[in-house]
Every structure is written in structure tokens, then in C-alpha cells.
Amino acid sequence: MRNIFLSVTMLAAAILVLASCHSHDHPHDENGGHSHSHRGHSHDDHGHNEQEIATLSCTERTNDNELFVEFEPLTKGVSTSFAAHYSNMHTFKPVEEGTLEVQLLDNGRIITSSKVDEPASSGIFRPVITPDKSGKYVLKFVLTTKGGKDTIDLTNVEVYESQKAAVAANPPSGEDSNEITYLKEQA
């Protein structure tokens, strides 16, 4: 019995090691795709003047859906692409249809928004917004499916005045970090 347990444990460890090894040279769609993170920093060039910046991520749930969203810190005048991963909380499967609108709100007033008419891939919507002023705002995600509307608000989302300020406030994790990160797709 002990030999079986040891064999299963070693097999599981080998699978985890192999699953964590992958190239970061992923193809991106024509709209810029979403950047894959490696130790918390982006490998895309979004006009950062070769400066690297940490990718932000957040997981929120409603009774119907789970949202896991990844994006670079918002900066005035810079287009920011979101990778909004939606899963149905009843079936635990990716949301395969519907529209997603992302709104940046200032005291309930929409200052910029973006709507995509379908997932770019299974459960992943890729809206892009370009804030026109800095400050702290509400970032609202409105998913509309045949089952109705589902809204998730992220509060106190900072829009930085410049890329330099965004990088200073969100430095990448160090290469010598012991942190191991997995993409939502890998998890």
C-alpha cells in the first residue's frame, strides 16, 4: 500500500513540474490579445518604453458567475486590454455566449466603456478601454447572456496620470522571487 501511495505522489509531482514548464512566446490576436504573465510581469509591449509593469488580477463572484480578470494598470490616454475569464457558477464551465461591457464610472457616470459581442475564446472576453483622465473610479463589468444581466463592480480602481507613475506604483515581481504563477487557462 505504501508503494502505491509513493508512486501516485511521485506521478503527481512529475505532472505538476511538466505542467508548469511552458514557453511565453504565445501568439496574440490582432487586437493585441492579452499578455501572459511570468512571475507577475507582462511580456507585451504596450508603450511602456521598455519598462515592465505588474499585471493586475482580481476574482469576483456573483450567484451566477465567477469573473477572473487580468489587465495592466490603467493609464490616462493608454488603451488597456482586459482578459475577462467568465465561468458559470452553476455548471462550473466557461461562459460560451453573451456580450460583455466594461465601463469606467465616475460618481455613477460612464466616462469610457467598451463592449464585445462574444467571447474571443472559451469563456474569455477581451474588451479594451482608453481612460481620458486620471483618478480613482469604479470599473464595472456587465455580462449579458440569455439568462439575463450579471454585474460586477471593482471599486477604487486607479487610473494613473502617466506610464511612469503606473510602473512606479506597480513594479514587477523580482526574477529571484519564489513565486510560481499559473494562467487561468492552466489552472
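Because the structure is a prediction, the values reported are computed rather than measured.
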Residue pair Leu154, Val69: steps toward the side chain to side chain contact (heavy atoms under 4.5 Å, CB included) verdict: CA-CA 11 Å; Leu154 303 181; Val69 63; 4.2 Å; yes
Met89/Asp64 under side chain to side chain contact (heavy atoms under 4.5 Å, CB included): CA gap, chis, key distance, verdict: CA-CA 5 Å; Met89 291 297 292; Asp64 296 319; 5.8 Å; no
Test side chain to side chain contact (heavy atoms under 4.5 Å, CB included) applied to Thr99 and Val116, step by step: CA-CA 6 Å; Thr99 63; Val116 291; over 6 Å; no
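Residue pairs that meet the salt bridge (Lys or Arg N to Asp or Glu O under 4.0 Å) test with at least one member in residues 75-84, sequence neighbours left out, are Lys76-Glu161.
In this structure, CG in Leu74 is found 5.0 Å from CD1 in Ile129, a value given to the nearest 0.5 Å. Here the OG1-CD distance, from Thr145 to Glu96, works out to 12.5 Å after rounding to the nearest 0.5 Å. Remark: Leu143 CG to Glu97 CD distance equals 8.0 Å, nearest 0.5 Å. Here the CZ atom belonging to Phe71 is positioned 7.5 Å from the SG atom belonging to Cys58, to the nearest 0.5 angstrom. Rounded to the nearest 0.5 Å, atoms CG (Leu139) and CG (Asn156) are 11.5 Å apart.
Hydrophobic cluster membership for Val142: none, as no Ile, Leu, Val, Met, Phe, Trp or Tyr side chain comes under 4.5 Å of it. Clustering of Ile, Leu, Val, Met, Phe, Trp and Tyr side chains at separations under 4.5 Å leaves Phe92 isolated, with no partner residue.
Applying the salt bridge (Lys or Arg N to Asp or Glu O under 4.0 Å) test to Lys115 and every residue at least two apart in sequence or in another chain returns nothing. Asp153 is linked by a salt bridge (Lys or Arg N to Asp or Glu O under 4.0 Å) to Lys140, counting only residues two or more places apart in sequence or in another chain. Shown here are the side-chain contact (heavy atoms from CB on, under 4.5 Å) partners of Pro119, two or more places apart in sequence or in another chain: Phe125. Legend: residues meeting ring-ring contact (aromatic ring centres under 6.0 Å, His included) with Tyr137, ordered by chain and number and at least two apart, are absent. With sequence neighbours excluded, the residues that form a side-chain contact (heavy atoms from CB on, under 4.5 Å) with Thr91 are Asn88, Lys93. Asp106 meets the salt bridge (Lys or Arg N to Asp or Glu O under 4.0 Å) test with Lys133; sequence neighbours excluded. Residues satisfying the side chain to side chain donor-acceptor pair (under 3.5 Å) test with Asn65, not counting sequence neighbours, are Asp150. Residues passing the side chain to side chain donor-acceptor pair (under 3.5 Å) test with Ser162: none are found, sequence neighbours excluded. Remark: Thr130 pairs with Ser79 by the side chain to side chain donor-acceptor pair (under 3.5 Å) rule, at least two apart or across chains.
Summarising the geometry of Lys149 relative to Thr144, their closest heavy-atom pair is CG-OG1, 3.5 Å, with the distance given to 0.1 Å. Residues Ala54 and Pro73 come closest through the heavy atom pair O-CD, 3.3 Å. Of all the heavy atoms in Pro131 and Thr112, the pair that sits closest is CA-CG2, 4.2 Å. For Glu52 against Pro172, the heavy-atom pair with the smallest separation is O-CD, 3.5 Å.
Residues Ile111 and Tyr160 are members of separate hydrophobic clusters, defined by side-chain heavy-atom contacts under 4.5 angstrom among Ile, Leu, Val, Met, Phe, Trp and Tyr.
When atom types are taken as modelled, the side chain of Thr75 and the backbone of Gln163 share no donor-acceptor pair closer than 3.5 angstrom.
In summary, of the residues considered (Val159, Thr80, Ile110), a side-chain contact (heavy atoms from CB on, under 4.5 Å) with Leu104 occurs for Val159 alone.
Ring geometry for Phe141 versus Phe82: interplanar angle over 60°, hence perpendicular rather than tilted (30 to 60°).
Between the side chains of Glu70 and His85, at least one donor N or O lies within less than 3.5 Å of an accepting N or O. Judged by distance alone, the side chains of Glu66 and Thr59 never bring a donor and an acceptor atom under 3.5 Å apart.
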